[in-house]
Chemist: 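Can you keep this structure in mind? I'll have questions shortly.
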Amino acid sequence: MAKVLTSKEENYSQWYNDLVTKADLAENSSVRGCMVIKPYGYAIWEKMQSTLDQMFKKTGHSNAYFPLFIPKSFFSKEASHVEGFAKECAIVTHYRLKNSPDGKGVIVDETAKLEEELIVRPTSETIIWNTYKNWIQSYRDLPILINQWANVVRWEMRTRLFLRTAEFLWQEGHTAHASKEEALEETMKMINVYAEFAEKHLGIPVIIGSKTESERFAGALDTFCIEALMQDGKALQAGTSHFLGQNFAKAFDVKYSNKEGQLEHVWATSWGVSTRLIGALIMAHSDNNGLVLPPKIAPIHVVIIPIYKNNEELNRILDTCKDLKEKLENSGLTVKLDDRDTHKPGWKFAEYELKGIPVRIAIGQRDIENKTIEVARRDTLEKTTVSIDTAIDFIGNLMKDIQTNIYNKALTFRNNNTFEVNSYDEFKIAIEKGGFIKAFWDGSAETEAKIKEETKATIRCIPLGSKDIEGKCMVTGKPSKKQVIFARAY
RNA sequence: CGGGGUAUAGCGCAGUUGGCUAGCGUAUCUGCUUUGGGAGCAGAGGGUCGUCAGUUCGAGUCUGACUACCCCGACCA
């Protein structure tokens, strides 16, 4: 039957199952690879949303919403854009159903055919720039800094839960600027916001870089990305920020008059992260006991489990639990008290480890007598007995500890799995082991394609801020100034 | 769309050269004993064996077609 992931990833399936499942659509349905995000998975997404939203507000952005349906004609306006998305679009052709004459169910009413087909958005550049056209006349109208939280549909040939679903949730920022410099600055600003979010909140170290021409977003002049390394040695693109130049402004005829009174095309950026980040979180941190969530993204920080033999004992222990819960909540943490008598303590321990709750507290009769609690941290699985008087401070510090420890662990993993190679032979061996591989590349699309063809490895990015070093392309031997990052990717 | 594989209880699986009442683990429900790491015992419920056709006295098992899913490629956040 349906298995979510394979080989090493098979281990992840039961944890995925807590967060998300494959949508159970009707048999014969041609909709494939849609996901149901379960409450716990959605709670993680909400946490990501609120954190990102705050970061966007700080950088001056506002949220707005644009239509799900995009007229087909919008897509024909930017040639390279349609080239990139044409093969994976869902198209609405009719607007009405009717009862089938043979009495079996419903059929499409052929008389209700749309004049112009509608495309279910795979991304919103076209409809947004068609709208911006009416919003922008003067340099006084710029910049426009807008973000949208939405769902998009891409009819991929192959899907994979979380990492590549037919429909996914994301945020897409679309900005309009008066100058190239300002747009470029915005592009860089937002990729840095993503990097900060990934590292400080998700605990996932990322490499910021630019994409090669072949990996670039359809319609962009330059694409910047953050690349993360998963525990199975494969790379995952965790976020992108595109410098769109004047491509969309020209395609949708968006001009403004500058201070000198001359008409100019507007400069554009777009940037986004998606529910794929939940997949990144799982695959970057999980261990054999399940998920490991960094405190800053965990929907629940602390779970308290009372341990008791009978109702009388429970009532005594519960008072202590409730009191502790309140104090922890006052210190800014989200706390769950699990006093269900339908499951045994051992069952609950395993359950919350599976869910990745950062800290678990157990309180039993002997703790009441000793005025202690047992604190277990998820990242190291260590247990400590702490005096109840010092518990709040202890747990507050523990949260910070866990957050940095998770990041450091992932960073160490990445460092141990980043290799530098000087020859193509070395490269071929290294790529089989997985990880990031730094190598010189001559900058040509032919060489890039050859490497991909022969090793399935792609150039993840050209790291930003790396200094020029003299070297020779590992394949052609031509002079090269930059080492780029290769990996097999999701 | 090409190549390979799978389809039997909610989930994971077994089912012999066709043989009569389709099984195991787990989960679920009931009762008692348990409760500091996914408890034990006893009992119960749950399946038109993916769909349609064919061969046969008889099909989960053999044949054909269809469908869905999984893996590998092409595509991709």
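For the numbers below, each heavy atom of this structure counts, side chains included, while hydrogens, waters and symmetry mates do not.
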Chemist: If I take atom CD1 in residue A:I304 and atom P in nucleotide B:G36, what distance separates them, rounded to the nearest angstrom?
Modeler: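 Result: 18 Å.
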Chemist: Please name all residues satisfying side chain to side chain contact (heavy atoms under 4.5 Å, CB included) with A:A449, sequence neighbours left out, ordered by chain then number.
Modeler: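 Side chain to side chain contact (heavy atoms under 4.5 Å, CB included) list for A:A449, sorted by chain: empty.
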Chemist: CG of A:D341 versus P of B:U34: gap in Å, rounded?
Modeler: 16 Å
Chemist: Do A:K383 side-chain and B:G37 base share a donor-acceptor contact under 3.5 Å?
Modeler: yes
Chemist: Please enumerate all residues that pass ring-ring contact (aromatic ring centres under 6.0 Å, His included) together with A:H242, with sequence neighbours excluded.
Modeler: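 Here the qualifying residues are A:F217.
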Chemist: Nearest to the A:K344 side chain among B:G37, B:C75, B:U35, which nucleotide is it?
Modeler: B:U35
Chemist: Please enumerate all residues that pass side chain to side chain contact (heavy atoms under 4.5 Å, CB included) together with A:A251, with sequence neighbours excluded.
Modeler: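 Side chain to side chain contact (heavy atoms under 4.5 Å, CB included) list for A:A251, sorted by chain: A:K77, A:E78.
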Chemist: Could you state the CG-P distance from A:D338 to B:U35, rounded to the nearest angstrom?
Modeler: 18 Å
Chemist: Could you tell me whether the phosphate oxygens of B:G37, OP1 or OP2, come under 4.0 Å of any side-chain nitrogen or oxygen in A:K348?
Modeler: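 Looking at the OP1 and OP2 atoms of B:G37, neither is under 4.0 Å from any side-chain N or O of A:K348.
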Chemist: Please give, in whole Å, the distance from B:U28 C1' to A:H343 NE2?
Modeler: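 About 12 Å, once rounded to whole Å.
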Chemist: If you take any heavy atom closer than 4.0 Å to RNA chain B, which residues from residues 305-315 of chain A end up in contact?
Modeler: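 The answer is A:I307, A:Y308, A:K309.
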Chemist: For A:E448, which residues count as a side chain to side chain donor-acceptor pair (under 3.5 Å) partner, sequence neighbours excluded?
Modeler: A:T212, A:S214
Chemist: Please give the distance between the P atoms of B:G31 and B:U17 as a whole number of Å.
Modeler: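 My reading of the P atoms in B:G31 and B:U17 gives 46 Å.
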Chemist: Need one value for A:F168: base, sugar-phosphate or nothing, where a base atom within 4.0 Å counts as base even if backbone is also close, heavy atoms only.
Modeler: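 It contacts base atoms.
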Chemist: Given that A:K456 and A:E351 both sit by RNA chain B, which one's nearest nucleotide is further toward the 5' end?
Modeler: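 Its nucleotide being nearer the 5' end, the pick is A:E351.
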Chemist: Please report the distance separating the P of B:U21 from the corresponding atom of B:A59, rounded so that it comes out in whole Å.
Modeler: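 Those two atoms are separated by 12 Å.
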Chemist: Below 3.5 Å is the cut-off: list the nitrogen or oxygen pairs between protein and nucleotides 1-4 of chain B, distance only.
Modeler:
none

Chemist: For residues 118-126 of chain A, dump all side-chain donor-acceptor pairs below 3.5 Å to protein atoms at least two apart in sequence or in another chain.
Modeler:
| residue | atom | partner | partner atom | Å |
| --- | --- | --- | --- | --- |
| A:R121 | NE | A:N151 | O | 2.7 |
| A:R121 | NH1 | A:Y65 | OH | 3.4 |
| A:R121 | NH1 | A:F66 | O | 3.0 |
| A:R121 | NH1 | A:P67 | O | 3.2 |
| A:R121 | NH2 | A:Y65 | OH | 2.8 |
| A:R121 | NH2 | A:N151 | O | 3.2 |
| A:R121 | NH2 | A:N151 | OD1 | 2.7 |
| A:T123 | OG1 | A:E125 | OE1 | 2.6 |
| A:S124 | OG | A:Q148 | NE2 | 3.2 |
| A:S124 | OG | A:E172 | OE1 | 3.4 |
| A:S124 | OG | A:E172 | OE2 | 2.6 |
| A:E125 | OE2 | A:S270 | OG | 2.7 |

Chemist: Given the C1' atoms of B:C32 and B:A14, what is the spacing between them in whole Å?
Modeler: 33 Å
Chemist: With Watson-Crick and G-U wobble geometry limited to distances under 3.5 Å, how should the secondary structure of RNA chain B be encoded in dot-bracket form, using | for bases paired to another strand and [ ] for crossing pairs?
Modeler: (((((((..((((.....[...)))).((((((.....)))))).....(((((..]....))))))))))))....
Chemist: Using whole Å, report how far CZ of A:R216 lies from C1' of B:C75.
Modeler: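 The distance from CZ of A:R216 to C1' of B:C75 comes to 19 Å, rounded to the nearest Å.
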Chemist: Taking atom P of B:G36 as reference, at what distance in whole Å does atom CD1 of A:I373 sit?
Modeler: 19 Å
Chemist: B:G36 P sits how many Å from A:I317 CD1, rounded?
Modeler: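 Taking atom P of B:G36 as the reference, CD1 of A:I317 is at 12 Å.
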Chemist: Is the distance from the ring center of A:W45 to that of A:W170 below 6.0 Å?
Modeler: no
Chemist: Using atom P of each nucleotide, how far apart are B:G60 and B:G19 to the nearest Å?
Modeler: 10 Å
Chemist: Tell me: CZ of A:F349 to C1' of B:G37, nearest whole Å?
Modeler: 6 Å
Chemist: Hey, does A:D367 reach any base, or is it just sugar-phosphate, or nothing, if we go heavy atoms under 4.0 Å?
Modeler: base
Chemist: Quick check: on RNA chain B, is the nucleotide nearest A:A489 upstream (toward 5') of the one nearest A:E374, or the reverse? Name the residue that is more 5'.
Modeler: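 Per heavy-atom nearest nucleotide, the more 5' residue is A:E374.
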Chemist: Salt-bridged, A:K450 to A:E454, with N to O below 4.0 Å?
Modeler: yes
Chemist: Please report the distance separating the C1' of B:U48 from the corresponding atom of B:A9, rounded so that it comes out in whole Å.
Modeler: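 Approximately 13 Å lies between the C1' atom of B:U48 and that of B:A9.
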Chemist: Tell whether A:Q365 reaches the base of B:G36 with its side chain through a donor-acceptor pair below 3.5 angstrom.
Modeler: no
Chemist: Under the side chain to side chain contact (heavy atoms under 4.5 Å, CB included) rule, collect the residues that match up with A:N311, sequence neighbours excluded.
Modeler: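 Here the qualifying residues are A:L314.
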Chemist: Heavy atoms only, 4.0 Å cut-off, all strands: where does A:K211 land among base, sugar-phosphate and nothing?
Modeler: nothing
Chemist: Using atom P in both nucleotides, what's the gap between B:G2 and B:C62 to the nearest angstrom?
Modeler: 26 Å
Chemist: If you measure from the C1' atom in B:U56 to the same atom in B:C20, how many Å do you get, rounded?
Modeler: 15 Å
Chemist: Name every donor-acceptor pair, under 3.5 Å, that has one atom in a side chain of residues 383-390 of chain A and the other anywhere in the protein, sequence neighbours excluded.
Modeler:
| residue | atom | partner | partner atom | Å |
| --- | --- | --- | --- | --- |
| A:S387 | OG | A:D389 | N | 3.2 |
| A:T390 | OG1 | A:S387 | O | 3.1 |

Chemist: Extract all donor-acceptor atom pairs below 3.5 Å that involve side chains of residues 195-203 of chain A and protein atoms in other chains or at least two apart in sequence.
Modeler:
| residue | atom | partner | partner atom | Å |
| --- | --- | --- | --- | --- |
| A:E199 | OE2 | A:V206 | N | 2.9 |

Chemist: For the residue pair A:W129 and A:H81, is the inter-centroid distance of their aromatic rings smaller than 6.0 Å?
Modeler: no
Chemist: Step through it carefully: locate the ring centre of A:F436, locate the ring centre of A:F486, and say whether they are under 6.0 Å apart.
Modeler: no
Chemist: With a 3.5 Å cut-off and no angle check, do the side chains of A:Q237 and A:K211 form a donor-acceptor pair?
Modeler: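 On atom types as modelled, these side chains qualify, holding a pair under 3.5 Å.
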Chemist: Say you pick atom C1' in B:U63 and the same atom in B:G73; how far apart are they, in whole Å?
Modeler: 31 Å
Chemist: Mind checking what makes side chain to side chain donor-acceptor pair (under 3.5 Å) contact with A:T175, not counting sequence neighbours?
Modeler: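 By the side chain to side chain donor-acceptor pair (under 3.5 Å) rule, A:T175 matches A:H177, A:T269.
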